Undergrad: 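The following block contains the structure, expressed as structure tokens.
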Amino acid sequence: MAKLPKKKSHRILGIIVAVMVLFGILVTSVHVTDVTVTGNSRYTDEQIIQMILQKEWDWNSLYCYAKDRLKAHRSIPFVEDYKIVFQGLSKIEIIVYEKSIVGYVSYMGSYMYFDKDGIIVESTNEKLEDIPWLTGLSFGHIVLHQQLPVENQKIFDEILNLTQVLSVHRLFVDKIQYDARGEATLHMGELEVVLGDSSNVSGKISELSAMLPQLEGLSGTLHLETYDETNAAMTYTFKKKLQNY
């Protein structure tokens, strides 16, 4: 087998070295300088960026691209996953997919958040805004990523139905309180809304949604347990809270 002349082999080696040097310069010099964040509501854009692009090398475009596709994503509370989309060598978009949370319970000093299927998706000491606190019910041993262990399965189904109806109407309540009979009362600031049993929940919440503008700024108790979907002219009792002077 013929050998390459020394001058030619040196030239080829020089080309290889030059290509490697250029590649090294490219790898170390191309950085992410423009980041947009979409899909997030629990965190600010800056917080998302800081949690995902934590180290100096994370801002290197090629390293960021390879890491995003080859390594597991960082775990972020209340975030199911995220996606990094490259829109150029120095511009990326971070798409955030948040966990669907409909309520939480207090358990052993922590807040246990559950989704629309009743699965505990997060445990934290942080209270989220616009997520209702569920009280008045007995639970078994609560385990992360498992279903909320409510003793009465019927009540459990009613809870999930109520929280989803509230979500559909975009009504944010501070607390959902159940009594010994399994009847619910909503707490919305200074306003209490007595729903009674689980019958006609959608209709009751629809009525509440329509009445809220008239109740804004008031303190007291609205009784919706008498709701009757067959009576379009139904009136409801509102008892103002007595002020202490």
Side-chain angles (χ1 to χ4, degrees), residues 37-52 54 73-82 94 96-152 155-180 182-195 201 204-205 208-209 212 215-222 241:
V37 182
T38 57
N40 56 310
S41 63
R42 303 291 175 200
Y43 299 99
T44 64
D45 292 357
E46 291 73 18
Q47 287 173 322
I48 290 293
I49 292 170
Q50 289 173 5
M51 285 186 283
I52 295 176
Q54 293 182 346
H73 284 175
R74 289 191 172 103
S75 176
I76 301 175
F78 306 111
V79 171
E80 189 70 40
D81 199 3
Y82 60 86
I94 300 175
V96 178
Y97 302 98
E98 294 184 331
K99 293 178 179 177
S100 172
I101 297 173
V102 297
Y104 72 93
V105 296
S106 181
Y107 180 74
M108 296 183 66
S110 296
Y111 302 118
M112 312 293 286
Y113 291 87
F114 59 91
D115 65 12
K116 61 182 178 59
D117 298 313
I119 304 298
I120 302 296
V121 297
E122 203 68 57
S123 172
T124 178
N125 293 324
E126 177 187 359
K127 274 190 178 183
L128 295 184
E129 293 183 0
D130 303 329
I131 301 295
W133 178 24
L134 190 66
T135 67
L137 297 176
S138 298
F139 304 99
H141 181 61
I142 297 179
V143 180
L144 194 61
H145 305 309
Q146 293 187 18
Q147 198 171 61
L148 190 66
V150 178
E151 292 180 356
N152 188 329
I155 290 292
F156 178 71
D157 294 337
E158 293 171 1
I159 292 168
L160 296 181
N161 182 47
L162 175 56
T163 54
Q164 289 187 63
V165 172
L166 288 169
S167 178
V168 167
H169 286 271
R170 298 190 63 79
L171 294 183
F172 304 115
V173 306
D174 302 312
K175 181 167 66 172
I176 304 173
Q177 183 176 5
Y178 282 86
D179 62 19
E183 298 185 352
T185 298
L186 308 181
H187 296 257
M188 309 171 72
E190 294 298 315
L191 182 66
E192 291 185 4
V193 183
V194 181
L195 297 179
V201 166
K204 293 174 183 177
I205 299 303
L208 173 61
S209 181
L212 275 181
L215 299 170
E216 186 175 357
L218 297 180
S219 175
T221 303
L222 172 66
K241 184 178 180 180

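Numbers here are sequence positions counted from 1. As the structure is a prediction and not an experimental result, all values here were calculated from the model. Both backbone and side-chain heavy atoms feed into the values below; hydrogens, waters and symmetry mates do not.
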Undergrad: With side chains defined as the heavy atoms from C-beta onward, is the minimum distance between Ile159 and Leu137 less than 4.5 Å?
TA: yes
Undergrad: For His141 and Tyr107, what are the C-alpha separation, side-chain angles and deciding distance, and is it a side chain to side chain contact (heavy atoms under 4.5 Å, CB included)?
TA: CA-CA 9 Å; His141 181 61; Tyr107 180 74; 2.9 Å; yes
Undergrad: If you measure from CD on Glu192 to CD on Gln177, what distance do you get to the nearest 0.5 Å?
TA: 7.5 Å
Undergrad: Sequence neighbours left out, what passes ring-ring contact (aromatic ring centres under 6.0 Å, His included) with Tyr111? Give chain and number order.
TA: Tyr104
Undergrad: Less than 3.5 Å apart, which donor and acceptor atoms pair up between the side chains of residues 120-132 and the rest of the protein, not counting sequence neighbours?
TA:
from, atom 1, to, atom 2, distance (Å)
Glu122, OE1, Phe78, N, 3.0
Glu122, OE1, Lys99, NZ, 2.9
Thr124, OG1, Glu126, N, 3.1

Undergrad: Could you pull out all residues at least two apart from Gln147 that satisfy side-chain contact (heavy atoms from CB on, under 4.5 Å)?
TA: Ile119, Phe156
Undergrad: Where do Leu160 and Gly118 come nearest, in terms of heavy atoms and distance?
TA: CD2-N, 3.7 Å
Undergrad: Would you please name every residue forming a ring-ring contact (aromatic ring centres under 6.0 Å, His included) with His73, sequence neighbours left out?
TA: Tyr82
Undergrad: Just wondering, do Leu171 and Val165 contact through their side chains at under 4.5 Å, heavy atoms?
TA: no
Undergrad: Show the nearest heavy-atom pair for residues Ala184 and Tyr178, with the distance to one decimal.
TA: CB-CE2, 3.8 Å
Undergrad: Can Leu208 and Met188 be said to form a side chain to side chain contact (heavy atoms under 4.5 Å, CB included), step by step?
TA: CA-CA 11 Å; Leu208 173 61; Met188 309 171 72; 4.0 Å; yes
Undergrad: Report the distance from atom NE2 of His187 to atom OG1 of Thr221, rounding to the nearest 0.5 Å.
TA: 8.5 Å
Undergrad: Which side chain to side chain donor-acceptor pair (under 3.5 Å) pairs, counting each pair once, include a residue from residues 156-174, with sequence neighbours left out?
TA: Gln153-Asp157, Lys154-Glu158, Glu158-Ser198
Undergrad: For the atom pair CG (Leu222) and CG (Leu215), what is the distance rounded to the nearest 0.5 Å?
TA: 6.0 Å
Undergrad: What is the distance from atom CG of Leu186 to atom NZ of Lys204, rounded to the nearest 0.5 Å?
TA: 10.0 Å
Undergrad: Kindly compute the distance separating CE (Met51) from CZ (Arg74), expressed to the nearest 0.5 Å.
TA: 10.5 Å
Undergrad: Mind listing the closest non-hydrogen atom pair of Val105 and Leu148 along with its distance?
TA: CG2-CD1, 4.0 Å
Undergrad: Starting at CD1 of Ile142, measure out to CE of Met112 and round the result to the nearest 0.5 Å.
TA: 5.5 Å
Undergrad: Asn40: what forms a side-chain contact (heavy atoms from CB on, under 4.5 Å) with it, not counting sequence neighbours?
TA: Val37, Asp45, Ile48, Val96, Glu98
